[in-house]
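All remarks here apply to the structure that follows.
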Amino acid sequence: MRYYLNIGEEAVFFLIARGGIGKTTLLAKFMLDHAMNQSRQFPFVYLDFDRATLHTREPRQLLFEAARQVSLQFPEVEAELAELTAGLHEEMAAGRSSSITFFDRFRHVVQKLTRGSRAFLIVFDTMEVVQYDPASLAAVINFVTYLNGFTAAGAFPELRIVASGRADVPELRTEQDLRSDRNRLILQPLSWSDAGLMARNVGRDFIGDEWQAHWESLVAGNPSDPPERREPLVIRVAIELIRSCKPEDRERLVQSIAKDGENASDGFVGLLYERRILEHVQEEEVRKLAWPGLVARRVTRNIIATTLAPICDLDPDKVDQVFKALANEVWMVEEEDNGEVLRHRTDLRSRTLPLMRKRDPEKFDNVNSAVRQYYESRQLTPKARAEWLYHRLLGGEHPDRVDRDWTDDMAMLLAGAADDFAADSEARAYVMGRTAEALLPPQSVQKLSPRLALDHVARTGAQLGSFDDTRIEPIVLSLSQRIANPQIASSYPHPVKAVLLAKTGQWNVPASFEGGTSEWRAHAEFARLFKRARDAGELQDESTETIDDRLPLRTLVQELAAARIARSPRESLLDRMVTNRLREATGYVQPSDFATLRTAVVFGWQSSVPAARAWFGLQDLPTAPKAVSLAEIAALMDINRSQRRAMRSSLEPRLKNLSISWSDLAANARTKTPKVARIGNPDFRLAVLDQAQKLLGGDNPDNIHVLRRFFAARNDDWIVPLGYAAARVLGVPSEIVDLFKQLVREAYLPTRPEPGFRRPDDALQLFRWADEGANLNRTATAVLDLASGPEAADLRQMRLHLQRWREQIDELLNRNEAEGADAPPSPGEVVHPDDLQKGRWGGRPERNGRRLEAKIGEVDRESFDVDLTVLSTDGSLLEGPVLFHLHDSFPRKTIYIRRIREGSSAVLEEVNAYGTFTVGAQVKTADGRWTGLELDLVNLQGLPRRFIGR
């Protein structure tokens with residue numbers, strides 16, 4: 001009771017149970033005991049969505065009903081609410097769009113009654129009815145949203161909602177982070193003592209003084225009996241059976257029920273139901289209609305007269321009489337359409353159909369076939385069409401054939417009908433797939449055909465179109481393996497297939513990105529541009545396309561990346577658009593946008609700095625990357641001497657605490673095949689990020705180039721497609737753990753894992769861990785070493801795309817640093833693989849009036865600094881830029897120097913090296929032509945011998 005009478009907590013409570021457990025009865029008892037018997041009454045509204053007169057697709061109709069109920073409870077506000085409902089009726093009758101004014105007025109009226117100290121309770125009963133109808137569910141959501149204050153969220157703290165149904169309704173959650181079990185109750189079968197108490201009370205109510213005290217324990221069974229026999233529906237049907245029996249036969253019947261219940265299963269209530277019909281329905285005509293007539297889900301006078309009477313051997317002159325008599329068996333049927341239709345109770349039907357079929361399969365099939373033919377001739381109405389499809393499935397027709405006649409309005413009419421089919425049947429999976437408004441469990445989606453699975457995910461699983469997965473999503477993985485055939489598609493134009501293929505690294509399968517709702521359209525546009533930017537075969541200049549400035553940031557950044565790679569005329573415009581978007585409001589940047597911001601830093605020009613600032617601003621979030629890589633640290637070393645000293649003084653003591661040597665780490669970073677390092681210590685990570693963030697300040701133009709190289713070291717936007725492509729190769733989690741151990745042993749420097757680190761146990765986690773060490777390519781190669789069959793084709797192709805992507809980034813960053821220079825000649829072929837610049841720039845340090853010199857600077861135990869200078873030796877003015885080409889272990893292998901000192905020299909200062917290598921240079925001669933220079937540092941005067949050959 002504390003939940004209902006207090007305010008200030010989460011506003012929604014869920015009561016969840018399958019049919020027959022007693023949700024509605026529990027709510028009714030609560031309303032009687034607490035809502036209506038309070039000394040200080042609080043206002044409440046009870047909305048039963050199974051009630052035919054309640055219009056569920058219009059929020060104003062729900063408000064109309066709420067106002068009616070409150071006015072009945074509190075006469076003092078009756079006049080005020082009557083005026084409100086009159087205005088509401090006038091608005092709806094005039095066809096005007098919904099106004100929230102009436103919701104605000106109703107809220108103010110209720111708050112006069114609650115006075116801030118009492119709750120206002122709304123009960124939504126039988127929520128499964130609206131869950132299967134998107135329009136109805138949207139109306140309920142809007143009803144709650146408008147009541148709670150559309151323009152001032154939280155304006156109604158007294159509001160309390162109890163929602164009852166067969167499943168949770170996440171859309172009603174008011175605070176997504178508070179999905180605790182304390183605000184949710186999943187009803188189970190009664191306890192043994194409660195089952196006995198219910199048997200006693202219902203028995204006395206139904207039979208009076210003839211009820212025998214010892215029967216309650218026989219009906220409830222023993223504590224060790226299966227819980228299915230203690231469901232409220234089972235007890236109710238058992239006592240109905242006892243009541244209908246002749247008094248002298250009741251004892252024997254009760255003993256029989258007790259015996260049968262010892263091995264009760266889900267079909268126990270069906271067994272009682274069968275006995276109730278066959279042995280204890282007094283009117284013979286009703287008994288014959290109930291079996292086998294209730295093979296039909298919905299019974300009318302017409303279907304009795306034209307179809308069921310001949311099969312069930314009914315008197316055609318007594319149709320009206322038998323229809324009314326069946327209507328009196330309220331434990332068996334429910335009235336619909338103002339009593340013109342009797343519907344077999346859904347909670348009973350699902351458990352009794354198997355027994356009805358087993359008792360006489362031929363008669364069951366005859367009735368079902370006749371009912372199917374009856375509705376086939378009337379299928380122009382939605383209800384008749386739904387019954388036609390239902391009975392075709394019940395007769396065993398394959399779902400793929402039935403689906404050809406499916407229409408959208410069938411979903412609501414067949415809501416809940418899946419329970420009427422065997423648990424492992426294709427028919428059950430089909431009905432669930434077509435009617436469920438929430439995503440089905442993976443095992444259920446697996447039973448659907450690929451086309452139906454795509455339709456189901458398109459309708460219920462928009463969240464699966466996101467590229468933000470942190471673990472392998474089983475539905476996505478399974479479906480990705482089933483939709484690779486180009487012939488497979490959804491039933492209607494929708495981008496679900498194209499999005500999933502792009503997300504899971506199957507880029508060679510054609511699929512359309514057209515169609516879909518707004519959320520899927522957003523996923524589709526992102527996926528299309530993400531794939532286009534990274535698929536060299538698709539990349540082309542699309543400068544004739546218009547740019548939608550409403551695109552989400554992550555999608556706009558994909559446009560920018562594609563434009564910069566293709567050297568499109570639109571790259572400057574897109575760069576400005578991304579820059580403006582980042583500066584407009586931080587609200588555009590979401591915690592899932594780490595990869596987006598990294599891409600913006602790397603591919604941006606003006607947008608690089610604001611994107612970097614936004615990225616650094618998100619680092620305190622729990623979703624931030626958990627580690628830094630050696631590749632990122634190496635990129636930061638490409639700074640001047642004073643900055644490098646500051647970085648070392650900050651990081652070296654922290655490394656010692658981790659038992660890592662700075663000199664070993666730094667030396668390894670420049671080796672030909674460096675080991676990988678992933679350092680997850682939080683203090684060290686933040687210290688590295690602090691050094692990187694400092695590059696945003698100051699006026700050194702090279703800092704932004706270093707920062708772009710820092711961001712380019714990692715590829716977190718590739719984790720998801722690579723992870724899914726690898727998951728189709730890798731098997732059980734133990735295989736992933738073994739691969740993880742192998743990579744650590746062979747490729748990684750020894751580092752101490754951070755507190756709370758967990759080894760990856762799925763492929764996506766493996767690649768996320770790999771990216772934290774800037775090691776995606778090597779990890780993909782290790783996976784491919786385990787398999788060479790067709791299942792590895794996608795991952796092999798993705799690795800090639802990743803390698804080309806890395807090359808394009810390198811080309812772009814070189815182009816950024818060469819901005820404003822005319823293109824120098826390309827170098828010659830590599831002659832010495834261990835010293836890439838040797839023999840490519842003319843072989844001499846002095847040519848054509850230009851000379852390349854080197855002067856040793858500060859020397860440490862593990863490294864030395866060298867200043868590189870290009871001089872004019874013929875008296876002509878030196879023209880910039882001058883290009884210096886370094887060893888390929890440097891993050892920036894080509895560096896442009898534009899500053900010419902006194903018209904005669906260009907200097908690249910403080911190149912920090914760990915061994916000797918050949919330096920190349922390109923400079924213009926006096927006549928404006930490019931010439932190459934080459935100097936091997938092995939001849940550097942004063943260089944300690946320990947560096948030679950390293």
Side-chain angles (χ1 to χ4, degrees), residues 128 131-134 137 166-167 350 372 379 382 385-465 473-504 506 509-517 519-520 523-524 724:
E128 60 265 25
Q131 278 182 284
Y132 291 103
D133 178 25
L137 184 57
R166 298 190 181 188
S350 62
R372 176 185 59 77
Q379 60 171 293
R385 188 180 190 84
E387 298 308 306
W388 176 51
L389 299 182
Y390 172 88
H391 285 282
R392 288 167 66 187
L393 290 168
L394 196 61
E397 188 172 342
H398 196 279
D400 284 349
R401 288 178 53 85
V402 174
D403 194 58
R404 297 170 189 169
D405 299 305
W406 183 273
T407 55
D408 290 343
D409 47 4
M410 298 295 98
M412 186 176 182
L413 295 170
L414 291 177
D419 292 341
D420 296 351
F421 301 92
D424 59 349
S425 68
E426 290 181 322
R428 177 186 175 86
Y430 171 76
V431 176
M432 289 179 68
R434 276 294 184 211
T435 61
E437 282 303 319
L439 191 64
L440 295 176
Q443 60 271 26
S444 297
V445 177
Q446 178 67 29
K447 292 178 182 177
L448 304 176
S449 69
R451 178 179 57 81
L452 183 55
L454 284 173
D455 290 350
H456 174 70
V457 170
R459 193 178 69 256
T460 66
Q463 69 273 19
L464 298 183
E473 166 54 59
I475 291 176
V476 173
L477 176 61
S478 172
L479 198 50
S480 75
Q481 296 166 317
R482 300 166 62 204
I483 61 175
N485 187 331
Q487 303 304 315
I488 293 173
S490 53
S491 300
Y492 48 91
H494 198 282
V496 57
K497 177 179 178 178
V499 171
L500 294 181
L501 290 173
K503 173 177 176 172
T504 59
Q506 297 181 95
V509 182
S512 171
F513 286 98
E514 299 301 318
T517 59
E519 193 170 1
W520 273 110
H523 290 324
Y724 278 104

Quick one, [X] and [Y] - any side-chain contact, counting heavy atoms below 4.5 Å?
X: Lys497; Y: Ser490; answer: no
X: Leu464; Y: Leu439; answer: yes
X: Ser491; Y: Asp403; answer: yes
X: Glu514; Y: Pro493; answer: no
X: Lys447; Y: Asp424; answer: yes

Apply the test salt bridge (Lys or Arg N to Asp or Glu O under 4.0 Å) to residues Arg434 and Asp455: give CA-CA distance (whole Å), side-chain angles for both, the deciding distance (0.1 Å), then the verdict. CA-CA 8 Å; Arg434 276 294 184 211; Asp455 290 350; 3.0 Å; yes
What pair of heavy atoms forms the shortest contact from [X] to [Y], and how long is it?
X: Ala436; Y: Thr460; answer: O-CG2, 3.1 Å
X: Leu413; Y: Ala386; answer: CB-CB, 3.7 Å
X: Val499; Y: Ala524; answer: CG2-CA, 3.6 Å
X: Met432; Y: Ala418; answer: CG-CB, 3.2 Å
X: Gln506; Y: Ala484; answer: OE1-CB, 3.5 Å
X: Leu414; Y: Tyr390; answer: CD2-CB, 3.9 Å

Would you say the side-chain atoms of [X] pair up with the backbone N or O of [Y], donor to acceptor, closer than 3.5 Å?
X: Trp520; Y: Ala458; result: yes
X: Tyr724; Y: Glu473; result: yes
X: Arg385; Y: Asp405; result: yes
X: His456; Y: Leu440; result: yes

Just verifying a value: how many Å separate [X] [atom1] and [Y] [atom2], rounded to the nearest 0.5 Å?
X: Thr517; Y: His494; atom1: OG1; atom2: NE2; answer: 5.0 Å
X: Leu393; Y: Tyr430; atom1: CG; atom2: OH; answer: 6.5 Å
X: Leu479; Y: Arg482; atom1: CG; atom2: CZ; answer: 6.0 Å
X: Glu387; Y: Met410; atom1: CD; atom2: CE; answer: 9.5 Å

Does atom CD of Glu397 have more than 12 heavy-atom neighbours from other groups under 6.0 Å away? yes
Verify the neighbour count for atom CG of Asp400: are there more than 12 heavy atoms of other residues, nucleotides or ligands below 6.0 Å? yes
List the residues meeting side chain to side chain donor-acceptor pair (under 3.5 Å) with Gln446, not counting sequence neighbours, and say none if there are none.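 With sequence neighbours excluded, Gln446 shows a side chain to side chain donor-acceptor pair (under 3.5 Å) to Ser478, given in chain and number order.
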Consider side-chain contact (heavy atoms from CB on, under 4.5 Å). Of Thr504, Leu500, Val509, which one does Ile483 pass it with? Leu500
Can a salt bridge be assigned to the pair Arg428 and Asp420 using a cut-off of 4.0 Å between side-chain N and carboxylate O? no
